[in-house]
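Below, chain A is the first sequence line, B the second, and so on; all start at residue 1. Just so it is clear, the model here is predicted, and its values are computed rather than measured.
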Amino acid sequence: MPNKISELKNNVDQEVTLAGWLYKGRSSGKVQFLIVRDGTGLCQCIVEKGKVSDELFEQLKHLGQESSLTVTGVVRTEERSVGGHELAVTAAEIISPATDYPITPKSHGTDFLLKNRHLHLRSQGQWCIGKIRHTVIDAIRRFFNDNGFTLIDTPIFTAMVGEDKQSLFEVDYFGEPLHLTQTGQLHLESAAMSFGKVYCFGPTFRAEKSKTRRHLTEFWMVEPEVAFTDLDELLELAENFVSFIVARVLGDNKSQLETLGADIAALEKIKPPFYRLTYTEAVDILTGEKTKQFMASQLEQLQNTKQQAESKITELEQQQKGQIKQWQKDKIAAELIELRGVLAETDTKIENNPKHAKLAAEFRWGKDLGGSDETIISQMHDKPIFVTHYPKDAKAFYMKTDRDDEKVVLNFDLLAPAGFGEIIGGSVREDDYEKLTAKIEKQGLEIKNYEWYLDLRKYGSVPHGGFGLGVERTVAWLTGEKHIRQCIAFPRMMDKVYI
RNA sequence: UCCCCGAUAGCUCAAUUGGUAGAGCGAGCGGCUGUUAACCGCUAGGUCGUAGGUUCGAGUCCUACUCGGGGAGCCA
């Protein structure tokens with residue numbers, strides 16, 4: 001068995017053999033620097049002329065990116081190397097040489113990378129995200145397993161409509177129409193009446209025609225459901241749960257977070273209690289002076305950024321025309337490309353700012369909060385925010401109305417801070433047989449499809465509730481990724497599946 | 001479904017506003033004993049997304065379409 005790069009700290013001054021792929025190589029005359037990856041990390045391997053045969057030296061010099069190979073050598077500590085160790089190569093064997101690997105160490109567009117997803121998964125950024133996702137999922141299972149929850153696997157083929165019929169994928173099930181699950185919640189409620197505390201964890205499918213940075217048609221969601229609980233207890237469960245995930249990622253994946261440029265200091269603040277707002281308070285904030293000023297100052301900042309980028313571009317363009325060395329020109333050209341990218345992004349934000357400000361200012365009590373509204377509230381806070389007590393008519397039929405104010409339901413969304421937006425949606429479930437029957441009818445759903453669901457209210461109904469957490473959204477928030485499509489190995493997007 | 005933006009070399013992007021298409025990276029060859037997206041020299045690489053139109057002349061202007069990006073609605 002070859003040694004693992006992640007364990008090299010235990011092999012200093014020993015000879016080891018690594019098996020992996022050439023991540024990238026540089027040569028400097030009589031010495032070569034080969035960065036090898038093996039799935040556990042990266043290691044710089046030093047090949048010096050004279051220490052290996054001339055034939056091997058030449059072979060390695062012309063070895064293409066992502067060729068597979070084994071390298072043997074002595075491990076030494078070296079601060080300048082990635083990972084803090086490097087290998088003084090004494091032998092190497094090329095397993096399979098690769099040429100013209102499409103993904104170079106330079107920048108690429110998203111479309112190109114998604115078309116090459118099968119290869120892009122090998123790159124450092126995707127590897128870090130994959131490792132963090134793994135920790136998030138492990139933490140999710142750990143948290144529930146250690147807190148008295150029982151795992152219940154809910155069906156993927158289902159006749160139940162949880163949220164909205166239009167957002168379901170229909171499948172032909174031996175001639176009968178069924179759809180792919182959009183939530184395990186309804187089934188989970190029946191299990192909660194057996195086990196008390198349960199959770200399900202699996203893929204979820206939504207046919208929403210949403211082309212935004214926070215939507216996928218197939219995503220992973222974990223849903224806990226608890227019998228004998230209330231809204232306050234659910235909020236506590238959610239904040240402890242999210243804090244636990246964050247702590248685990250900080251503990252297990254700090255180097256990956258650093259590589260990705262995540263805001264570690266901000267994550268270290270994620271501890272209970274989170275902020276709590278009612279929907280009505282959120283609406284007051286959105287339509288109030290505070291948001292107006294917030295949006296105005298954000299616009300001002302954006303315009304500043306724009307101006308700075310523009311003047312820097314002008315300056316660089318002037319320099320480019322002057323009498324300077326070729327390499328300086330090249331460097332300027334690269335800087336210009338980056339600045340123009342920043343400028344384009346800023347322009348979009350400047351364009352969207354007044355639209356979003358208008359949407360917020362004109363928000364009227366009764367509507368569901370929009371994506372941009374959630375973003376604004378999220379940007380105003382440095383810790384996750386619970387928004388509770390939404391208008392009954394904007395929400396799903398199964399949510400329990402607040403007995404003290406029948407216009408609202410006992411539900412909550414959890415918004416991740418710093419502009420990321422919603423990662424959890426949950427509620428206390430309607431447990432009154434008559435009220436639930438009335439709501440099902442009002443939504444135009446067929447009672448006969450919900451008979452078993454209503455039975456749960458007929459035989460020993462208890463106050464209960466739960467929530468769903470989106471895995472990809474959580475990973476995107478933690479890693480600082482803008483788009484959740486980077487947070488699942490093979491993303492499925494509206495009208496588009498690459499591989 | 002609607003709104004905005006884009007499509008030029010394998011990749012990322014330029015082209016002085018209508019006058020014969022350019023850089024970097026990547027690839028190939030050569031040089032360099034400590035590189036970190038290394039550096040230096042040389043070489044190859046393009047029916048400018050598709051189809052029409054305006055013009056003496058279109059990468060640049062107009063129309064339609066295709067594909068991609070961002071956003072709204074909806075949501076985890």
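Between A/Arg80 and B/U35 there is no side-chain N or O to OP1 or OP2 distance below 4.0 Å. Residue A/Arg26 places at least one side-chain N or O under 4.0 Å from the OP1 or OP2 atom of B/A38. At B/A27, none of the side-chain N or O atoms of A/His62 fall inside 4.0 Å of OP1 or OP2 (strictly under the cut-off). One finds no side-chain N or O of A/Arg485 lying less than 4.0 angstrom from the OP1 or OP2 phosphate oxygen of B/G68.
A distance of 13.5 Å separates NZ in A/Lys349 from NZ in A/Lys306, rounded to the nearest 0.5 Å. Within the model, atoms CG of A/Leu114 and CZ of A/Arg485 stand 6.0 Å from one another, a figure rounded to the nearest 0.5 Å.
Separating the P atom of B/U47 from that of B/U1 is a span of 34 Å, rounded to the nearest Å. Taking atom P in both B/C11 and B/G68, one finds a spacing of 16 Å when rounded to whole Å.
Considering only the side chain of A/Leu216, B/A76 comes nearest among B/A76, B/U12, B/U35.
For the pair A/Phe33 and B/G34, the ring geometry does not qualify as stacking, because the centroid separation below 5.5 Å and plane angle under 30° are not jointly satisfied.
Here A/Glu239 pairs with A/Arg276 in a salt bridge; the nearest charged N to carboxylate O distance falls below 4.0 Å.
Pairing for B/C48 is absent, with no Watson-Crick or G-U wobble pair whose two atom distances lie under 3.5 Å. If you check B/G57 for Watson-Crick or wobble pairing at under 3.5 angstrom, you find it has no partner at all. Both distances falling under 3.5 Å, in either a Watson-Crick or a G-U wobble arrangement, occur for no nucleotide opposite B/A21. B/A72 and B/U1 make up a base pair, with Watson-Crick or G-U wobble contacts both under 3.5 Å.
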**OP:** Start with the C-alpha gap between A/Arg80 and A/Gln44, add the side-chain angles, then the distance that decides, and say whether side-chain hydrogen bond (donor to acceptor under 3.5 Å, both in side chains) holds.
**Re:** CA-CA 10 Å; A/Arg80 290 171 291 183; A/Gln44 174 162 276; over 6 Å; no
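Across all strands shown, A/Phe219 has heavy atoms under 4.0 Å from base atoms, whether or not it also approaches the sugar-phosphate.
Residue order along RNA chain B, read from the 5' end via each residue's closest nucleotide, puts A/Lys24 first among A/Lys24 and A/Leu359.
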